[in-house]
Engineer: 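Would you mind keeping the following structure in view while I ask a few things?
This structure is a prediction, so every number in the text was calculated from the model and none was measured. Numbered from 1 within each chain, the chains take letters A, B, ... in sequence-line order.
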Number of protein chains: 2
Amino acid sequence: MTYSNDMPILDKHVRSTAGLATELRFSVMRLRRRLVRERHPDNDLSLTAMAVLWVLHGRGDQTVGALATREQVRPPTMTRTVTALGERGLVERHDHPDDGRQVVVRITDAGRAVVLADAARRDRWLSMRLEELPSDERDILRRAAPILQRLAESEQTL
Amino acid sequence: MTYSNDMPILDKHVRSTAGLATELRFSVMRLRRRLVRERHPDNDLSLTAMAVLWVLHGRGDQTVGALATREQVRPPTMTRTVTALGERGLVERHDHPDDGRQVVVRITDAGRAVVLADAARRDRWLSMRLEELPSDERDILRRAAPILQRLAESEQTL
DNA sequence: TATAAGTCATTACCTTGCGTAACTATTCCC
DNA sequence: GGGAATAGTTACGCAAGGTAATGACTTATA
């Protein structure tokens, strides 16, 4: 790995994996706060709820448990989110075909409309910031996003 | 930009900047939840409080306002965090030399000890996950971390 | 140079997102 | 068929953060 000369001195400790862990956790925490703050005013759904709609839209029906795992929340939290989405008519609950304990969550047409509206305005704030980046930095993030996702979903626990 | 063949189909929409924005925001949200959950049991400080100590350690004294901006929280929140750190003797408040409104926060020896202890165990969970990654993925994250940080701090607002 | 306007930090109060513990309903396994 | 495991839910609590209002000080203006 080589580093360009214009890299800030203070970022050098990122060279070690441990240093990277420290920087990454804080960067993720900070960016998340910013994202919550800059979310589009037309959209009163929480980011978690939007994430659920996106998953149902993109990957099809999911059980409550699967959604909880993906979003890294506990089952009761996902129950609440799904209930809230259901009350707005954005998702429906269905019985699982061959396991009576599970609940299958399905996005409705109204839910898809919300996803498409969101796609249209597409995280206005973040999209604009990303557009301003040089394309090589955008490429780095493009490749980083799925890695972050896999880290979040890692089976390993402390 | 080229994509390897083993890339999941669903990640292809990340090709567009808008798609990247969507993926990135959710990945960041999810990884942050995971990081909060997997934080080291010996460390009862919040991740925000730890971030503040790291900044004071690495970049020297900071005003309350500067810390709030860096951590992407509102001033009252940072006041609370600093107060909590102060009660544990990890930071001290000092008068600003030439602006009586501002408060300079300085890390104490005890605070530095906490940072060093944290550095020693270094986000155990995340470090371990990062060690498991192939080194090219780790390199991507190494380069992504400062970009995420800059995004969080961007002057632009929606 | 007096005062108005702006800024930094704080206090008080409130919302929200999420967790744990306990319970119900179902399924799996011997 | 009965005990153990699993999926989801209900009830309750807490922590992290926000907004609005206030006080202390500084800067700009008239």
Engineer: Which residues within residues 76-85 of chain B lie with some heavy atom under 4.0 Å of an atom in DNA chain D?
Structural biologist: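 The stretch gives B:P76, B:T77, B:R80 as the residues lying under 4.0 Å from the strand, ordered by number.
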Engineer: Going from CD on B:Q72 to CZ on A:R34, what distance comes out if it is rounded to the nearest 0.5 angstrom?
Structural biologist: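 Here the interatomic distance stands at 5.0 Å.
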Engineer: Please report the interatomic distance CG(A:L141) to CD1(B:I147), rounded to the nearest 0.5 Å.
Structural biologist: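 Reported value, rounded in 0.5 Å steps: 4.5 Å.
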Engineer: Rounded to whole Å, please give me the gap between CG in A:D99 and P in D:dA7.
Structural biologist: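 Spelled out: CG on A:D99 to P on D:dA7 is 8 Å.
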Engineer: Nearest whole angstrom, please: distance from the C1' of D:dG8 to the CD of A:Q62.
Structural biologist: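 Checked: the CD to C1' distance equals 16 Å.
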Engineer: Between P on D:dT6 and NE2 on A:H96, what's the gap in Å once rounded to a whole number?
Structural biologist: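 It works out to 16 Å between those atoms.
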Engineer: Are A:I107 and A:L53 packed together at the side-chain level, in the sense that at least one heavy-atom pair is separated by less than 4.5 angstrom?
Structural biologist: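 Side chain of A:I107 against side chain of A:L53, heavy atoms only: contact under 4.5 Å found.
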Engineer: Assign A:R93 to base, sugar-phosphate, or nothing according to its heavy-atom contacts below 4.0 angstrom with the strands shown.
Structural biologist: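 Touches sugar-phosphate only.
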Engineer: Just to verify, what does B:R138 make a salt bridge (charged side-chain N to carboxylate O under 4.0 Å, His left out) with, not counting sequence neighbours?
Structural biologist: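 B:R138: no salt bridge (charged side-chain N to carboxylate O under 4.0 Å, His left out) contacts found.
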Engineer: Mapping A:R32 and A:Q102 to their closest nucleotides on DNA chain D, which lands nearer the 5' end?
Structural biologist: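 Here A:Q102 is the residue nearer the 5' end.
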Engineer: Look up atom CZ in A:R101 and atom OG1 in A:T63, then write down how far apart they are to the nearest 0.5 Å.
Structural biologist: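 Spacing of CZ (A:R101) from OG1 (A:T63) equals 11.0 Å.
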Engineer: Verify the contact: side-chain N or O of B:S46 to OP1 or OP2 of D:dA15, cut-off strictly under 4.0 Å; return yes or no.
Structural biologist: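 Answer no for this pair, as no side-chain N or O of B:S46 is under 4.0 Å from OP1 or OP2.
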Engineer: Do the side chains of A:R32 and B:L31 get nearer than 4.5 Å, heavy atoms only?
Structural biologist: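 Of all side-chain heavy-atom pairs linking A:R32 with B:L31, none is under 4.5 Å.
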Engineer: Mind calculating the distance between CG (A:D98) and C1' (D:dA7) to the nearest angstrom?
Structural biologist: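 From A:D98 CG to D:dA7 C1': 14 Å.
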Engineer: Between which nucleotides of DNA chain C, read 5' to 3', does contact with chain B run, using atoms under 4.0 Å from its heavy atoms?
Structural biologist: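 That gives a stretch of C:dG6 to C:dC18.
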Engineer: Between A:E153 and A:R150, does any NZ, NE, NH1 or NH2 come within less than 4.0 Å of an OD or OE carboxylate oxygen?
Structural biologist: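 No salt bridge links A:R150 with A:E153.
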Engineer: Assess whether one donor atom and one acceptor atom, taken from the side chain of A:R101 and the base of D:dT6, lie less than 3.5 Å apart.
Structural biologist: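 Check passes, donor-acceptor contact within cut-off.
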Engineer: B:R74 CZ to D:dA16 P: how many Å, rounded?
Structural biologist: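 Spelled out: CZ on B:R74 to P on D:dA16 is 19 Å.
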Engineer: Hey, are A:R25 and B:D118 close enough for a salt bridge, meaning a charged N less than 4.0 Å from a carboxylate O?
Structural biologist: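 Yes, A:R25 and B:D118 are salt-bridged.
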Engineer: How close do B:L35 and B:W125 get, counting heavy atoms only, and between which atoms?
Structural biologist: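 Closest heavy-atom pair between B:L35 and B:W125: CD2-CZ3, 3.8 Å.
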